[in-house]
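As the structure is a computational prediction, the values presented were derived from the model and not from experiment.
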Amino acid sequence: MKPRTLAEWLDYQQRIHALGVDLGLDRVQAVWHRMGAPRLAPHVITVGGTNGKGSTVAFLEAMLTAAGQRVGCYTSPHLIHYNERIRIAGVDADDASLIECFERIELARGEIPLTYFEFGTLAAFDLFARDPLDVAVLEVGLGGRLDAVNLIDADAVIVTTVDLDHVEWLGPDRDSIGREKAGIARRDRPAIVGEIDPPKGLLEALSAHGARVERAGRDFWVERGSSDWQWLHQDGTRLRLPDPELAAPVQYANAASAIATLHALHVVDPAGLERIASAGMHRPRAPARLQFLGGDPAVIVDVGHNPQAARALAEWLDTQSGDERVHAVYGALSDKDVGGVMTALGSRITHWHLASLDQDTPRGLPASVLAGVLHQALPHAACDTHPDVRHALAAARASARRGERILVFGSFFVAAAALEETAG
């Protein structure tokens, strides 16, 4: 039976392809060409990397919107509603528009199999091409070279960070992963590297692609003050900016990469770049990036799910005043380095409330497995186990005292459950 509702379409997409991930551009390219392969927007920016992609997209969107540009953003995964993945001028795609896109994709694909992610990527392309956008901002789903987003030749790209994640698809070390992520770059077009110490494999691959590389710490850099910060470029450009509203020290690097992209691409008036960048520091749309949900004890939600993200969380905790106890609500997927995440946070966590995710997704780990890893990584850590995030969060709230913190993290599934629980 032909799907009718958005929920039915999404269920259909997850059933018609045997693999959840099927990297490669041939199939999705063939379908896109059958759909006419129209240009998405006058300017396209693609954002790849291990961590920081969503925040960097949010900064770009906020800055470009402040410049009066009509912006389309494609990100993944979503937190609560699938519609979050595609937004135009700050508004999420509605069900009817997505269904119409899926119907056009289904008609065009014929016998060609597509994954759930490829359906969504083509839907974003289709919606953007039908709208009078000024700029399309695309977030890479996995890797870069063979990700469906790489079907589009971007005018500028950002590689935020490179660290070990998805090693079964991208390679066993930072050099291999960096080479895969460099695949989004194009000859003679800007490629912004947001990491101070990027892997050699990334830089070699960008050079081989002939991209115009600009590196954090070499071509542009950040100087932080007591109440503001400066973005500086080797060409003499100097911008004085308010601190970003997104918490965590790592957000300065993400914001700096977004500014470097606009500076290199000349998509906004250079004379107004400071004003635009300043506006972009306020309220970029990036939920569950150290998002405070209020309360006392305070609940903070983050989508961090790998060791690099955990190190960023640890750095943020180290910047907080006082010695407040921190309770962690943590759940993870089976392909993640759980031990590396736990070790990165170490003694900063007073008590671990471990949540099972095996009922949310086939990739989810039961809390008993998490407990076993925790006892190996941190033998003296205190923990308890729970059947799901809701129960883990309730236990954390019951045991935490006023003035303490509850950090909820480990997966988009964990963050989504916490956001829904709080909203309810």
Side-chain angles (χ1 to χ4, degrees), residues 21-26 28-29 40 43-57 59-60 74-76 117-118 121 125 136-221 233-234 250 253-254 256-265 267 306-309 312:
V21 176
D22 189 6
L23 295 177
L25 299 181
D26 290 344
V28 70
Q29 185 175 54
L40 306 193
H43 298 283
V44 176
I45 301 171
T46 296
V47 182
T50 302
N51 293 304
K53 297 188 295 292
S55 298
T56 303
V57 169
F59 282 122
L60 284 168
Y74 173 53
T75 60
S76 65
F117 179 77
E118 289 166 344
T121 303
F125 293 174
V137 182
L138 310 176
E139 179 187 338
V140 173
L142 195 158
R145 181 176 63 92
L146 298 176
D147 187 271
V149 167
N150 199 34
L151 187 63
I152 303 300
D153 292 328
D155 299 290
V157 304
I158 302 172
V159 179
T160 55
T161 61
V162 177
D163 206 62
L164 300 182
D165 202 7
H166 303 298
V167 294
E168 64 273 37
W169 290 298
L170 305 181
D173 50 51
R174 290 182 75 225
D175 282 330
S176 302
I177 295 171
R179 292 188 186 96
E180 288 296 314
K181 294 186 183 297
I184 62 177
R186 297 296 189 268
R187 181 168 297 278
D188 296 325
R189 298 183 184 181
I192 308 302
V193 177
E195 197 167 13
I196 297 292
D197 185 26
K200 184 178 179 181
L202 170 67
L203 299 177
E204 289 177 344
L206 289 174
S207 177
H209 288 306
R212 299 193 340 249
V213 177
E214 291 198 17
R215 290 175 54 183
R218 185 194 71 176
D219 301 296
F220 65 95
W221 57 96
H233 193 274
Q234 55 87 18
V250 71
N254 294 330
S257 293
I259 295 168
T261 304
L262 301 187
H263 177 270
L265 194 55
V267 70
N306 53 41
Q308 185 183 58

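Taking CD1 from I177 and CG from D163, the interatomic distance works out to 7.5 Å, rounded to the nearest 0.5 Å. For the atom pair S257 OG and F220 CZ, the distance stands at 4.0 Å (nearest 0.5 Å). If you take CZ on F117 and CG on D147, they are separated by 4.5 Å, rounding to the nearest 0.5 Å. Here the CD1-NE2 distance, from I192 to H263, works out to 9.5 Å after rounding to the nearest 0.5 Å. Interatomic distance, CZ of F125 versus CG of L138, reported as 5.5 Å (0.5 Å rounding).
Distance alone, capped at 3.5 Å, places no donor-acceptor pair between the N254 side chain and the T56 backbone. Remark: the backbone N or O of T121 is paired with a side-chain donor or acceptor of Y74 at under 3.5 angstrom. T160 places a side-chain N or O within 3.5 Å of a backbone atom of N51 that can act as its donor or acceptor partner. In this structure, the side chain of R186 engages the main chain of I184 through a donor-acceptor pair within 3.5 Å. Side chain of D155 to main chain of V44: a donor-acceptor pair is present (N/O by atom type, distance under 3.5 Å, no hydrogens or angles). No donor-acceptor pair under 3.5 Å is formed between the side chain of E214 and the backbone N or O of A191. No donor-acceptor distance shorter than 3.5 angstrom exists from the side chain of R179 to the backbone of A205, with no hydrogens or angles considered. Between the side chain of N150 and the main chain of G183, a donor-acceptor pair closer than 3.5 Å is present.
By the salt bridge (Lys or Arg N to Asp or Glu O under 4.0 Å) test, R215 pairs with no residue at all, sequence neighbours left out.
Side-chain atoms of D219 and Q234 include no donor-acceptor pair closer than 3.5 Å. Side-chain contact annotation: S76 with E139, donor-acceptor N/O pair under 3.5 Å absent.
Salt bridge status for D175 with K200: absent, with no side-chain N to carboxylate O gap under 4.0 Å.
The heavy-atom pair separating T46 from A154 by the smallest distance is OG1-CB, 3.3 Å. In this structure, L25 and A148 approach most closely via the heavy-atom pair CD2-CA, 4.0 Å. Of all the heavy atoms in A182 and L206, the pair that sits closest is CB-CD2, 3.8 Å. Here the closest heavy-atom approach between residue V162 and residue G178 is recorded as CG1-N, 3.7 Å. Of all heavy-atom pairs spanning P198 and L202, the tightest one is CB-CD2, 3.9 Å.
By the 4.5 Å heavy-atom criterion applied to side chains, K181 and T50 are counted as neighbours. Between I45 and T261 there is a side-chain heavy-atom pair separated by less than 4.5 Å.
Screening V47, T161, V159, T75 for a side-chain contact (heavy atoms from CB on, under 4.5 Å) with K53, the sole residue that qualifies is V47.
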Go through the steps to decide whether R189 and H209 satisfy the test side chain to side chain contact (heavy atoms under 4.5 Å, CB included), and finish with yes or no.
-> CA-CA 10 Å; R189 298 183 184 181; H209 288 306; over 6 Å; no
